[in-house]
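What follows is a single structure, written as structure tokens, with notes after it.
None of the values given here were measured: they were computed from a predicted structure. The analysis underlying the following values was restricted to heavy atoms, covering all of them including side chains, and did not include hydrogens, waters or symmetry mates.
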Amino acid sequence: MKFIRIFLIFQVVLLCYTINLNAQTLDKITSEKSTIAPRLPYLTYQKENLFPGNGSLLRAEDGVALEDGRVIVVDQAKGLRLIEKDGSNRPFGNFSDAGFSLDSPENTTAPNGINLEPDGKHLLMCDVASGKIYRTNITSEKVELIYDHPYGVNSIYRDKTGAIWFTQSMKNTTLEELWDPIKNLLPNGAVYRMADLNSIPIKIAEGLVCANGIIMDKAEKQLFVAETGRHKVHAFDVDSSSGKTKYSGVVASVQYPDNILIDNEGRLIVALVLNYQVVAVDLENHSQHNIFDGSTKENLEVSSDYKSLLPGFLTGMFFSVDGKTLYISNLGNDLLKYDFK
């Protein structure tokens, strides 16, 4: 009996030691993971997060952050708008010199996607109504029309080789013509690639129901495209030397994906336009996390109408250069601005 008691005591001690060792190992792993991929926040709509907060923007569908802390967003009336840190803002770029105008009653201009080129000195902006693609020098604010697509261009990205990738949502030539094909789920969306500023675009994918946001991973070996009408984000393997692509599958199934980006940790960030949400997708373990939710019960108690709750339909998001501030863009007159703690 004495031997059995000693043996049992030994087993208990060994078990406690093992549990403690495993706990220490888990703490170490968790700590290592937290330094690699910081924990994502959960944010909800608050009025104090409106930015600039004075309703001075017009259809701010997408935007980018500059190194100095300023941001530039698309603007339906002026093409682009520059927002200072304090929220003061003004039209940006000599768009009238490039033929941009909102005077037409057919609503034939609708700046939609914006991309900061790898050199950090130029911006690309595409128009989802007219199909025009503009390039703006950030220092001089000189604007040039580099391409006029037959149909509206939704989103755009320029890679480090100088190639330009863009999406055509539908075969529309005005903003109004965009909605019926989307509602009827017509597969008129496509993806194009231009080898440089002067090249003729090559179609690399078609048959999409509202091709939307477009982005590449940090290594630019994969291209991601949001298909809003079928609730998917697709991936294409890219040969950077030749520009050839090969479809590799669906990387995320999410409701109504709009603009997309890759954050500093390599996660896919997706705006869900009709859900009023922003989600992060871990491409390694395929998990998803809600970063922002404008449709919570608490928010709905403020208003039963999403349109009056948020500035407008949630279309995109972009981070400050250091990744510590998140801006949420939409079809309204203000951004939402959140600082990560």
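- Scanning for side-chain hydrogen bond (donor to acceptor under 3.5 Å, both in side chains) contacts around D97 gives an empty result, with sequence neighbours left out.
- With sequence neighbours excluded, the residues that form a ring pair (Phe, Tyr, Trp, His ring centres under 6.0 Å) with H234 are Y247.
- Annotation: side chain of L335 is in contact with side chain of F318 (closest heavy-atom distance under 4.5 Å).
- L197 is linked by a side-chain contact (heavy atoms from CB on, under 4.5 Å) to R135, I146, R158, I164, counting only residues two or more places apart in sequence or in another chain.
- Every residue two or more places apart in sequence or in another chain was checked for a side-chain contact (heavy atoms from CB on, under 4.5 Å) with S96, and none qualifies.
- Without hydrogens or angle criteria, K85 side chain to D68 main chain gives a donor-acceptor distance under 3.5 Å.
- When ring centroids are compared, H149 and Y192 come within the 6.0 Å threshold.
- The side-chain heavy atoms of E61 and D258, taken from C-beta on, include a pair separated by under 4.5 Å.
- Not one N or O on the side chain of T174 forms a donor-acceptor pair closer than 3.5 Å with the backbone of A129.
- For CD of E284, the number of neighbouring non-hydrogen atoms (other residues, nucleotides, ligands) closer than 6.0 Å is 12 at most.
- Judged as a side-chain contact (heavy atoms from CB on, under 4.5 Å), and not counting sequence neighbours, the contacts of V321 are E67.
- Under the 30°/60° scheme for interplanar angles, the aromatic rings of Y338 and F292 are found to be tilted.
- Going from atom CG of L50 over to atom CG of D334 covers 5.0 Å, rounded to the nearest 0.5 Å.
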Please assess I328 against N49 for the test side chain to side chain contact (heavy atoms under 4.5 Å, CB included), listing each intermediate value before the final yes or no.
CA-CA 10 Å; I328 295 176; N49 292 112; over 6 Å; no
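- One hydrophobic cluster holds both V250 and L208 under the rule that ILVMFWY side chains link at heavy-atom gaps under 4.5 Å.
- For Y256, the OH atom is loosely surrounded, since the number of other residues' heavy atoms within 6.0 Å does not exceed 12.
- In this model, no donor atom of one side chain and acceptor atom of the other lie less than 3.5 Å apart for E141 and N94.
- Residues F313 and Y276 place their aromatic rings such that the two centres sit under 6.0 Å apart.
- For the atom pair CG (N172) and OH (Y151), the distance works out to 9.5 Å, reported to the nearest 0.5 Å.
- Salt-bridge check for K121 with D119: failed, with every basic side-chain N at 4.0 Å or more from each acidic carboxylate O.
- A salt bridge between D282 and R267 is absent, with no side-chain N of the basic residue lying under 4.0 Å from a carboxylate O of the acidic one.
- The hydrophobic cluster containing V279 does not contain L314, counting ILVMFWY residues as joined when their side-chain heavy atoms lie under 4.5 angstrom apart, directly or transitively.
- N184 pairs by the side-chain hydrogen bond (donor to acceptor under 3.5 Å, both in side chains) definition with nothing, not counting sequence neighbours.
- Cluster annotation: F224 and V281 are assigned to the same hydrophobic cluster (Ile/Leu/Val/Met/Phe/Trp/Tyr, side-chain heavy-atom contacts under 4.5 Å, transitive).
- Applying the side-chain hydrogen bond (donor to acceptor under 3.5 Å, both in side chains) test to Q255 and every residue at least two apart in sequence or in another chain returns N275.
- Looking only at side-chain heavy atoms (C-beta outward), L43 and I291 come within less than 4.5 Å of each other.
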Please lay out, stage by stage, how W165 and L223 fare under the test side chain to side chain contact (heavy atoms under 4.5 Å, CB included).
CA-CA 9 Å; W165 309 76; L223 177 76; 3.6 Å; yes
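- For residues 56-86, no residue pair satisfies the ring pair (Phe, Tyr, Trp, His ring centres under 6.0 Å) rule, not counting sequence neighbours.
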Are I214 and F166 close enough, and set up right, to give a side chain to side chain contact (heavy atoms under 4.5 Å, CB included), and what steps lead you there?
CA-CA 7 Å; I214 189 168; F166 66 86; 5.7 Å; no
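- The aromatic rings of F95 and Y134 stand perpendicular to each other, their planes meeting at an angle above 60°, with 30° marking the opposite boundary.
- Side chain of Q168 to backbone of N188: a donor-acceptor contact under 3.5 angstrom is found.
- The two atoms that bring Q222 and V238 nearest to each other are C-CG2, 4.2 Å, heavy atoms only.
- Note that the CD1 atom of I72 and the CG atom of L66 stand 4.5 Å from one another [nearest 0.5 Å].
- For the atom pair CG (L283) and CD1 (I262), the distance works out to 5.5 Å, reported to the nearest 0.5 Å.
- Pairs passing the salt bridge (charged side-chain N to carboxylate O under 4.0 Å, His left out) check and including a residue from residues 205-223, sequence neighbours excluded, read K160-E220, K203-E206.
- Contact annotation: the side chain of L124 never approaches that of Y147 to less than 4.5 Å [non-hydrogen atoms, C-beta and beyond].
- The shortest heavy-atom contact between N290 and Y42 is O-CD1, 3.5 Å.
- Q76 has its side chain within reach of L175: a pair of non-hydrogen atoms, C-beta onward, lies under 4.5 Å apart.
- In the model, T228 has a side-chain atom that pairs as donor or acceptor with a side-chain atom of N212 under 3.5 Å.
- Here the straight-line distance linking atom CG of L123 with atom CE of M125 works out to 10.0 Å at 0.5 Å rounding.
- In the hydrophobic cluster analysis, where Ile, Leu, Val, Met, Phe, Trp and Tyr join through side-chain heavy atoms closer than 4.5 angstrom, I204 is grouped together with I260.
- Contact detail for M170 and L186: the closest heavy-atom pair is CE-O, 3.1 Å.
- Taking 4.0 Å as the cut-off between side-chain N and carboxylate O, D180 and K183 count as a salt-bridged pair.
- No single ILVMFWY cluster, assembled from side-chain heavy atoms under 4.5 Å apart, contains both L58 and V71.
- A 4.5 Å side-chain heavy-atom check between L80 and T136 finds at least one atom pair inside the cut-off.
- Using a 4.5 Å cut-off on side-chain heavy atoms (C-beta onward), K132 and C126 make no contact.
- Of all the heavy atoms in P257 and V270, the pair that sits closest is CB-CG1, 3.6 Å.
- In this structure N330 satisfies the side-chain contact (heavy atoms from CB on, under 4.5 Å) test together with P311, sequence neighbours excluded.
- With no hydrogens or angles considered, a side-chain donor-acceptor pair links R59 and N112 at under 3.5 Å.
- The side-chain hydrogen bond (donor to acceptor under 3.5 Å, both in side chains) test applied to S240 returns no partner, not counting sequence neighbours.
- Listed by first then second residue, pairs satisfying salt bridge (charged side-chain N to carboxylate O under 4.0 Å, His left out) with a partner in residues 233-247 number zero, not counting sequence neighbours.
- Annotation: the span from D339 atom CG to T325 atom OG1 amounts to 4.0 Å, rounded to 0.5 Å.
- A donor-acceptor pair under 3.5 Å links the side-chain atoms of T167 to the main chain of S155, judged by distance alone.
- Side-chain contact annotation: D127 with T109, donor-acceptor N/O pair under 3.5 Å absent.
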Go through it in stages, so that I can follow the logic: the residues are D62 and T315, the test is side chain to side chain contact (heavy atoms under 4.5 Å, CB included), and I'd like the CA-CA distance, side-chain angles, deciding distance and then a yes or no.
CA-CA 7 Å; D62 196 9; T315 54; over 6 Å; no
